[in-house]
Amino acid sequence: MEYEPVIGLEIHAQLLTRSKIFCGCSTTFGAGPNTHTCPVCLGMPGVLPVLNRSVVEFTMKMALATHCTIAPRSEFARKNYFYPDLPKGYQISQYELPLARNGWVDIETEKGTKRIRIHRIHVEEDAGKLIHDEHRSTSYVDFNRTGVPLMEIVTEPDLHSSEDAATFLRALREILRYLDICDGNMEEGSLRCDANISLRPAGTSGLGVKTELKNMNSFKNVQKALDFEIRRQRALLETNEPVVQETRLWDTGRSVTLSMRGKEEAHDYRYFPDPDLVPVEVDQAWIDEVRASLPELPEARRERFLKDYGLPAYDAQVLTSSKALANYFETVVQAFPQPKIVSNWIMSELLRELNRNDGEIERCPVAPGSMVELLHLLDTGVVSGKIAKAVFEEMYATGRGAREIVEAKGLTQVRDEGTIEAIIDEVLAENPKEVELYRGGREKLFGFFVGQVMRKSKGKANPGLVNEALRKKLE
Ligand code: ADP
Ligand code: ZN
Ligand code: MG
């Protein structure tokens, strides 16, 4: 029997507010343990939480960007459980009345556009961090992260392959980053994804028993964990064994999922409305204000890149994958209005250097202005294409300007016919046998001569002029 995977994701995004969700403590990462804490986020008795308005606004931005309906009234609830990283003994979250519901994100897949529905988006507070590996017999707890705002996005079970799940996650991350509300760093945990997965006989529409996968800290691991789980569940179903509803942890080292605990139910958490916080009321004026503040989103920008610059879909997709990269492209194109050439340079040379150096476009050593300078040198024939690429590498490595490098290294293209002819004469004199063969009809040798001349000129001779002059000499 063929089985179809059914996948729904629960994504936690750490919001980039300056202070925590219910107190004024800083959210800055990397401070000394427990230095960003106060009686509120440490859960001391008798203190009261006060909601950070930016948390609501950031979440409203995401809700609008994903076509959700924002609730005119939503409510905080206590999710009760004991763990040493949770000083209050409960997490403030939203339960029955989340801030937003019923949206969608369209993703591009090999089989065309697919619409993935968003079930709900709510806000909650993060817990602290336990450190187990400093000392053999002791665990430490750092409460700096306690009360850092999280936004949880829950999808409908609309995904049907591990690739689509990864594609969706990337699309979601792009939106978060365009909105400047989350840095999207999965490795550092500011974007976390739990994946729910079940199988069903292909062609049916019911839902099978699911497992929930945790602890995947990269796109690749999300995909790998799902692939493993699809195989594991299929093997069970094929031998008529039950799939147990449970939470499983992805073990990166061994590339397997391992049972962590039985599935907890909502009633285990004794949810109830938090009496310390008033409900959140959002009126239309506030929604309109937030909507007006939204930047152009990845999908719209992609469309515009196709239309305004006549770029292929693939180029538009790559160039708009981050706001910073898209801005870089548009800045260069403004000064050098040949979009496809700019796109080629960014997609091949620039992205290659960035990848090779683990660099980020935000801190690219080649500023857009320097890229324009280089493209002008190339466009006006001052340097050849090959030299331009070498100059670019040097620009990336040293941060120096294109013209500066070309002048310092004497890389200007040779266009002087006398000089080129002199080189050709040398090459022909050094290769009498080839000249004879060529004149006897071995026309393929022409390329050999061009190569020799280019080599002798260290790549600086203008190829057009070399071709022309060679033909004349060899007649
Ligand atoms: P739970 O009660 O376990 O929290 P929810 O109904 O709240 O389950 O759904 C949590 C996530 O799991 C959602 O993303 C949802 O789309 C997904 N999901 C629910 N049922 C299934 C299923 N049978 N198979 C795969 N995913 C599912
Ligand atoms: Zn605090
Ligand atoms: Mg649930």
Side-chain angles (χ1 to χ4, degrees), residues 3-12 17-28 31 33-44 47-52 55 66 79 87-88 92-96 98 101-105 115-122 124-128 142-149 152-162 164-165 168-169 172 192-201 204-214 222 225-226 229-230 233-234 237 242-248 261-269 271:
Y3 291 100
E4 177 187 47
V6 176
I7 301 165
L9 303 179
E10 295 168 286
I11 293 118
H12 287 91
T17 55
R18 285 194 304 179
S19 56
K20 294 186 180 180
I21 181 168
F22 298 121
C23 62
C25 290
S26 165
T27 54
T28 313
N34 299 304
T35 54
H36 291 169
T37 55
C38 73
V40 171
C41 55
L42 288 174
M44 298 294 173
V47 296
L48 287 172
V50 177
L51 178 60
N52 180 342
V55 171
T66 56
K79 180 178 182 179
K88 294 196 298 299
I92 304 179
S93 180
Q94 293 191 298
Y95 183 56
E96 274 177 351
R101 286 183 202 269
N102 299 336
W104 77 82
V105 171
R115 178 154 295 183
I116 312 305
R117 291 169 302 157
I118 305 282
H119 176 62
R120 59 184 273 156
I121 302 182
H122 72 248
E124 60 188 31
E125 57 179 348
D126 208 346
D142 179 0
F143 289 121
N144 283 351
R145 207 178 62 187
T146 312
V148 164
E152 179 171 342
I153 302 159
V154 182
T155 78
E156 297 292 346
D158 287 350
L159 295 153
H160 299 291
S161 71
S162 64
D164 286 2
F168 172 81
L169 204 51
L172 207 68
R192 300 167 224 162
C193 172
D194 300 340
N196 297 269
I197 168 148
S198 61
L199 297 187
R200 67 182 170 202
T204 64
S205 61
L207 288 176
V209 176
K210 71 176 163 74
T211 57
E212 182 181 0
L213 312 181
K214 288 181 180 287
V222 169
L226 283 168
E229 194 59 16
I230 290 168
Q233 290 188 14
R234 186 190 294 134
L237 294 172
V243 172
V244 177
Q245 177 159 335
E246 62 184 356
T247 301
R248 299 179 68 87
R261 57 168 188 241
K263 168 71 191 163
E264 67 290 332
E265 302 287 340
H267 61 248
D268 295 330
Y269 290 118
Y271 279 102

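These numbers come from a predicted model, not from an experiment. Sequential numbering from 1 along the given sequence is applied to the chain's residues. We count ligands from 1, going down the list as the structure has it; atoms in each ligand are counted the same way.
Shown here are the side chain to side chain donor-acceptor pair (under 3.5 Å) partners of Thr35, two or more places apart in sequence or in another chain: there are none. By the side chain to side chain donor-acceptor pair (under 3.5 Å) test, Glu156 is found to be paired with His119, residues two or more places apart in sequence or in another chain being considered. Residues that satisfy the salt bridge (charged side-chain N to carboxylate O under 4.0 Å, His left out) test with Arg18, not counting sequence neighbours, are absent from this structure.
Between Asn196 and ligand 1, an N or O atom pair is found at a separation short of 3.5 Å. Taking any N or O of Gln245, backbone or side chain, none lies under 3.5 Å from an N or O belonging to ligand 1. Geometrically, ligand 1 and Ile7 share no nitrogen or oxygen pair separated by less than 3.5 Å.
Sorted by chain and number, the protein atoms of type N, O or S within less than 2.8 Å of the Zn ion (ligand 2) are Cys23 SG, Cys25 SG, Cys38 SG, Cys41 SG.
Listed by number with element, the atoms of ligand 1 under 4.0 angstrom from any heavy atom of Glu156 are 16 (O). Within the listing of ligand 1, atoms 23 (N) sit less than 4.0 angstrom from a heavy atom of Gly208. Near Val154, with a cut-off below 4.0 Å to any heavy atom, the atoms of ligand 1 are 13 (C), 14 (O).
Rounding to the nearest 0.5 angstrom, the gap separating the CG atom in Leu199 from the CG atom in Leu207 is 11.5 Å.
For Glu96, the CD atom counts as loosely surrounded, since its 6.0 Å shell holds 12 or fewer non-hydrogen atoms of other residues, nucleotides or ligands.
Within the 4.5 Å cutoff, the side chain of Trp104 has no heavy atoms near those of the Ile116 side chain. With a 4.5 Å cut-off on side-chain heavy atoms, His160 and Arg200 count as touching. Thr37 has its side chain out of reach of Thr146: every pair of non-hydrogen atoms, C-beta onward, lies at least 4.5 Å apart.
The proximity of Leu9 to ligand 1, defined as any non-hydrogen pair under 4.0 Å, is limited to the backbone.
For Thr17 against Thr27, the heavy-atom pair with the smallest separation is O-OG1, 2.7 Å.
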